[in-house]
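Structure first, commentary second.
Note on naming: letters A, B, ... go to the chains in the order of the sequence lines (proteins, then strands), and numbering restarts at 1 for each one. Heavy-atom basis, side chains included; hydrogens, waters and symmetry copies ignored.
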Protein chains: 2
Amino acid sequence: MLSYIFASKYLLNMEARRDVFQAIADPTRRAIIGMIVRQPVSVNAIADHFDVSRQAISLHLKILAECGLLHITQQGRQRFCEVKPEPLQEVHEWVEQYRKLWAGRLNALKKFVEQEDIFPDQKIVSHKRTTKKVKS
Amino acid sequence: MLSYIFASKYLLNMEARRDVFQAIADPTRRAIIGMIVRQPVSVNAIADHFDVSRQAISLHLKILAECGLLHITQQGRQRFCEVKPEPLQEVHEWVEQYRKLWAGRLNALKKFVEQEDIFPDQKIVSHKRTTKKVKS
DNA sequence: TATTTGCGCAAGCAAATGCTTTCGTATATA
DNA sequence: TATATACGAAAGCATTTGCTTGCGCAAATA
């Protein structure tokens, strides 16, 4: 049922012509999302918060819109941008795969630290022979 | 306590010279992580799974290692790559900010759909009046 | 010891990215 | 109606990205 809604939403008003991972890779775009998450904000208002030109921001907005993270509503001569966080679901799911992995490791570490008060060697156990710690 | 451990781990063996968001932006790199998550895999073994050259994969591995997502252990003439998912914590936290947002919206939508059996208009209601708020 | 294997490094290149400046156009305001 | 404002489109440019090929070197193997 939920997946049905998701699929429909994707087909409905999200074009997802662009990878959401790639969209959020840029720190400026992440900052934009953080900035407008509370309420829709006009393009100029967004651009005022950044050092780059309005056109540069406009392009970032276009990219965000293209992957469905942003919805733009025209109102007179202004365009208001609103966050649509649903595409982040994909990122969430991908990260979540590895979450238990690092959570488990952290717990083990935590226990160790609390017991021994030093940091354990993070050695790989499956091939403990020549652990020649690669360095650049 | 936990944050202390995290900070220490970062300082300990993660150089984080590269943005993790940027590292996982590339689909090949995400595939690499998915591939080696179970056990350490040698560089050639990884490269065999992809269409691109070994050198291209090698570069991807370097990028992943540079942001701490990968740990490389030399063993004779082989290098085994192991996933270190901890840097994904940052991604998780960033996405999680918006999770309730979309979860709430989804629930509302779900309710609406089950009730009315059509899709609601996703119009913005909060700025029907030139909301020129954010100052420069 | 001679050869093969695993792999990094460097150069070269095409495409993508991120930015700027200039322009055009539609909407608001005087 | 004349001007100012909000904004996208397009062009130009530097940098980054992702890939390839060619090379060298150390470890394994014959």
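Residue pairs meeting the side-chain hydrogen bond (donor to acceptor under 3.5 Å, both in side chains) criterion with at least one partner in residues 44-54 of chain B, sequence neighbours excluded, are absent. Among pairs with a residue in residues 18-45 of chain B, those fulfilling ring pair (Phe, Tyr, Trp, His ring centres under 6.0 Å) read Phe21(B)-Trp94(B), at least two apart in sequence or across chains.
If you check the side chains of Glu93(B) and Gln97(B), you find no donor sitting under 3.5 Å from an acceptor.
With distances taken from any side-chain atom of Ala56(B) to the nucleotides dA6(D), dC7(C), dC19(D), the minimum falls on dC19(D).
Side-chain contact between Cys81(B) and Val41(B): absent, with no pair of heavy atoms (C-beta onward) separated by less than 4.5 Å. No side-chain heavy atom of Val95(A) sits less than 4.5 Å from a side-chain heavy atom of Val95(B).
When all heavy atoms of Gly76(B) and Gln74(B) are compared, the closest pair comes out as O-NE2, 3.2 Å.
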Measure all distances between protein nitrogen or oxygen atoms and nitrogen or oxygen atoms of nucleotides 23-30 of chain C, and list the pairs falling under 3.5 Å.
unit_1: dT27(C); atom_1: O3'; unit_2: Arg77(A); atom_2: N; d: 3.4
unit_1: dT27(C); atom_1: O2; unit_2: Arg77(A); atom_2: NH1; d: 3.2

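Between dT20(C) and Ser53(A), a contact under 4.0 Å exists linking OP1 or OP2 to a side-chain N or O. When the side-chain nitrogen and oxygen atoms of Ser58(B) are compared with OP1 and OP2 of dC7(C), none of them lie within a distance under 4.0 Å. Put simply, Asn44(A) has a side-chain N or O that comes within less than 4.0 Å of OP1 or OP2 on dC7(D).
As a whole-Å value, the separation of Ile24(A) CD1 from dG18(C) P is 13 Å. Put simply, CZ on Phe50(B) is 13 Å from P on dT20(D), counting in whole angstrom units. Atom CD1 of Ile63(B) and atom P of dT16(D) are 13 Å apart (whole Å). The distance from atom CD of Gln22(A) to atom P of dG18(D) is 9 Å, rounded to the nearest whole Å. Between the P atom of dC7(C) and the CG atom of Asp48(B) lies a distance of 10 Å, rounded to the nearest Å. For Leu59(A) and dA11(D), the CG to P distance is 14 Å, given to the nearest whole Å. Computed from coordinates, the His60(B) NE2 to dG8(C) P distance equals 14 Å when rounded to whole Å. Rounding to whole angstrom units, CZ of residue Arg79(B) and C1' of dC25(D) are separated by 12 Å.
Of the residues near DNA chain D, Leu61(A) and Val52(B), the one whose nearest nucleotide (by heavy atom distance) lies more toward the 5' end is Leu61(A).
Atoms CZ and CD1, on Phe80(B) and Ile46(B) in that order, are 10.0 Å from each other to the nearest 0.5 Å.
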Per-pair distances, 0.1 Å, donor-acceptor, side chain in residues 25-34 of chain A, under 3.5 Å, sequence neighbours excluded:
unit_1: Asp26(A); atom_1: OD1; unit_2: Thr28(A); atom_2: N; d: 2.8
unit_1: Asp26(A); atom_1: OD1; unit_2: Thr28(A); atom_2: OG1; d: 3.4
unit_1: Asp26(A); atom_1: OD1; unit_2: Arg29(A); atom_2: N; d: 3.2
unit_1: Arg29(A); atom_1: NE; unit_2: Ala23(A); atom_2: O; d: 2.7
unit_1: Arg29(A); atom_1: NH1; unit_2: His60(A); atom_2: ND1; d: 3.1
unit_1: Arg29(A); atom_1: NH2; unit_2: Gln22(A); atom_2: O; d: 3.4
unit_1: Arg30(A); atom_1: NH1; unit_2: Ile24(A); atom_2: O; d: 2.6
unit_1: Arg30(A); atom_1: NH1; unit_2: Ala25(A); atom_2: O; d: 3.2
unit_1: Arg30(A); atom_1: NH2; unit_2: Asp19(B); atom_2: OD2; d: 3.4

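For the segment residues 25-33 of chain B, no residue has any heavy atom less than 4.0 angstrom from an atom of DNA chain C.
Residues satisfying the side-chain contact (heavy atoms from CB on, under 4.5 Å) test with Glu96(B), not counting sequence neighbours, are His92(A), His92(B), Arg99(B).
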